[in-house]
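Below you'll find the structure, written out as structure tokens, and then a few comments.
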Amino acid sequence: MLFDMFVAGSHSVSPSITEITEALECCFEIDCLSGSVELYREMCLIIADVLTIHPDCIMRIAGQQRTARNVQDMYRMLTGAHLEMVAEKFCSCTYEIKNRVAWMRTALYNAPMELDSYYTNQVKTDFGG
């Protein structure tokens with residue numbers, strides 16, 4: 001898969017953040033997703049940034065320390081549908097997001113585990129089920 005090419009340390013010459021971001025934009029087909037293309041570009045940049053971190057480094061996600069490898073593994077599961085869900089949640093926030101990058105990193109990390117339950121809950125809320 002595309003993500004496998006972008007694991008830190010997997011090549012002698014690593015691609016740039018810009019190259020990774022552009023590849024992710026193509027992979028996720030962000031021009032075909034509903035919502036703001038600029039928001040999807042921002043998400044791709046955040047994903048690219050995380051993919052370039054050495055896998056043994058420690059990151060803070062949702063207030064907890066995690067290895068970059070674990071975060072990268074979750075990010076490798078992302079699809080365009082996950083990005084749409086994160087964008088929808090971001091746009092519907094009724095509170096000020098003070099650290100946008102941290103919020104996005106956490107939302108993207110959680111997205112593979114939340115997608116099905118998020119839309120099931122949306123349907124129940126919309127149709128009273």
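Sequential numbering from 1 along the given sequence is applied to the chain's residues.
If you chain together hydrophobic residues whose side chains sit under 4.5 Å apart, Leu78 and Phe90 fall into the same group. Residues Ile53 and Leu51 fall within the same hydrophobic cluster, defined by Ile, Leu, Val, Met, Phe, Trp and Tyr side chains chained together at heavy-atom separations under 4.5 Å. In this structure, Ile17 is not a member of the same hydrophobic cluster as Met43, with clusters built from ILVMFWY side-chain heavy atoms closer than 4.5 Å.
Between Tyr109 and Tyr75 the shortest heavy-atom distance is N-CE1, 3.5 Å. Summarising the geometry of Met77 relative to His82, their closest heavy-atom pair is O-CE1, 3.4 Å, with the distance given to 0.1 Å. Scanning all heavy atoms of the two residues, the minimum distance from Ala48 to Leu24 falls at N-CD1, 3.7 Å. The nearest pair of heavy atoms linking Leu115 to Ala81 is CD1-O, 3.9 Å.
Ile47 has its side chain out of reach of Ile20: every pair of non-hydrogen atoms, C-beta onward, lies at least 4.5 Å apart. Residues Ser14 and Thr52 form no side-chain contact, since every pair of their non-hydrogen atoms from C-beta on lies 4.5 Å or further apart. Contact annotation: the side chain of Lys89 never approaches that of Val86 to less than 4.5 Å [non-hydrogen atoms, C-beta and beyond]. No side-chain heavy atom of Lys98 sits less than 4.5 Å from a side-chain heavy atom of Trp103. Here the side chains of Thr21 and Thr18 are not in contact, with every heavy-atom distance at 4.5 Å or above.
Checking each of Val50, Asn70, Thr67 against Met59 for a side-chain contact (heavy atoms from CB on, under 4.5 Å) leaves exactly one that passes, namely Val50.
Atoms CZ and CD1, from Arg100 and Ile97 in turn, are 7.5 Å apart once rounded to the nearest 0.5 Å.
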(message) Does Arg105 form a side-chain contact (heavy atoms from CB on, under 4.5 Å) with Arg60? I'd like the steps, not just the answer.
(response) CA-CA 9 Å; Arg105 277 185 173 182; Arg60 195 165 201 76; over 6 Å; no

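The side-chain hydrogen bond (donor to acceptor under 3.5 Å, both in side chains) check on Asp31 picks up nothing, with sequence neighbours excluded. Taking Arg66 as the reference, nothing meets the salt bridge (charged side-chain N to carboxylate O under 4.0 Å, His left out) condition, with sequence neighbours excluded.
Side chain of Glu29 to main chain of Cys26: no donor-acceptor pair is present (N/O by atom type, distance under 3.5 Å, no hydrogens or angles).
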Anything under 3.5 Å between a donor and an acceptor, one on a side chain of residues 34-41, the other on a protein residue two or more places apart or in another chain? List them.
{"unit_1": "Ser34", "atom_1": "OG", "unit_2": "Glu84", "atom_2": "OE2", "d": "3.1"}
{"unit_1": "Ser36", "atom_1": "OG", "unit_2": "Glu38", "atom_2": "N", "d": "3.3"}
{"unit_1": "Ser36", "atom_1": "OG", "unit_2": "Leu39", "atom_2": "N", "d": "3.1"}
{"unit_1": "Glu38", "atom_1": "OE2", "unit_2": "Arg41", "atom_2": "NH1", "d": "2.8"}
{"unit_1": "Tyr40", "atom_1": "OH", "unit_2": "Ser34", "atom_2": "O", "d": "2.3"}

